[in-house]
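Notes follow the structure.
Nothing here was measured: the structure is a model prediction, and the numbers come from that model. One-based numbering along the sequence shown.
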Amino acid sequence: MLKRLLAVALLALCALAQAAPDPIAVVYLGAYDCFYCQHWESRAKIELLASKEGKAVRFYEVMGRTLREPIVEKNFPAELKWLARKLGPSRGVPRFLLLVDGEVTRSVYGTNDYETVFLPALREAVAARRPGA
């Protein structure tokens, strides 16, 4: 009886751990035939992932097959299906979403807004999570 109770408790803890959102996540939406996406991926993505902010967050890349088709739920990883349902079919890439505790706090389109709006918001979110910040 005790073993069964412990097993149930362990399963419940595992389910809670899987359901908990990442404290901070970056979601990048792109398309394979998007010139601006390819440009961002070749430089800025590498810089982001190498930065202290990039190392402090969970990064997701959601790719649509082509610019002609919207990015839909099937394009998202399992742990982000909720976000796909919230956004609905998404057109317009590159798109960058900042999630803090499972809530979308920023959503921008294009590389200019990535630089001027998204990156400062990401830096602020990461700094707010640091001990002593």
| Residues in salt bridge (charged side-chain N to carboxylate O under 4.0 Å, His left out) contact with Glu41, at least two apart in sequence or another chain | none

| Side-chain heavy-atom pair Arg123, Lys52 within 4.5 angstrom cut-off | no

| query | Would you find a donor on one side and an acceptor on the other, under 3.5 Å apart, between the side chain of Gln38 and the backbone of Tyr32? | reply | yes

| Should we count CD of Glu53 as having more than 12 external heavy atoms under 6.0 Å? | yes

| query | Under a single-linkage definition using a 4.5 Å side-chain heavy-atom cutoff for Ile, Leu, Val, Met, Phe, Trp and Tyr, are Leu29 and Val72 assigned to the same hydrophobic cluster? | reply | no

| For the hydrophobic clusters of this structure (ILVMFWY residues joined by side-chain heavy atoms under 4.5 Å, transitively), does one cluster hold both Phe59 and Val126? | yes

| request: Could you tell me whether the side chain of Thr66 and the main chain of Glu69 form a donor-acceptor pair under 3.5 Å? | output: no

| field | Nearest non-hydrogen partners of Pro77 and Val62, listed with the distance | value | CD-CG2, 4.0 Å

| task | Taking all heavy atoms of Leu98 and all of Ala125, pick out the closest pair and write down the distance. | result | CD2-CB, 4.3 Å

| query | Is Tyr36 linked to Met63 within one hydrophobic cluster, defined over Ile, Leu, Val, Met, Phe, Trp and Tyr using a side-chain heavy-atom separation of less than 4.5 Å? | reply | no

| query | Does some side-chain heavy atom of Leu97 sit less than 4.5 Å from a side-chain heavy atom of Leu87? | reply | yes

| message | I'd like to check Arg129 versus Val100 (side-chain heavy atoms, cut-off strictly below 4.5 Å). Are they in contact? | response | yes

| query | Do you know which two heavy atoms are closest between Cys34 and Cys37, and how far apart they sit? | reply | SG-SG, 2.7 Å

| field | Among Thr105, Leu99, Val57, Asp101, the one residue meeting side chain to side chain contact (heavy atoms under 4.5 Å, CB included) with Ile24 | value | Val57

| query | Side chains of Trp40 and Leu48: closer than 4.5 Å at any heavy-atom pair? | reply | yes

| message | Show every salt bridge (charged side-chain N to carboxylate O under 4.0 Å, His left out) that has at least one partner inside residues 70-85, sequence neighbours left out. | response | Arg58-Glu79, Glu73-Arg85

| request: Step by step, work out the side-chain contact (heavy atoms from CB on, under 4.5 Å) result for Leu122 and Arg106. | output: CA-CA 9 Å; Leu122 173 60; Arg106 284 286 184 281; over 6 Å; no

Quiz: residues 109-118 side-chain donor-acceptor pairs under 3.5 angstrom, not counting sequence neighbours:
unit_1 : atom_1 : unit_2 : atom_2 : d
Tyr109 : OH     : Arg95  : NE     : 3.4
Tyr109 : OH     : Arg95  : NH1    : 3.2
Thr116 : OG1    : Asn112 : O      : 3.0

| said: Are Trp82 and Tyr60 linked, directly or through intermediate hydrophobic residues, by side-chain heavy-atom contacts shorter than 4.5 Å (ILVMFWY only)? | reply: yes

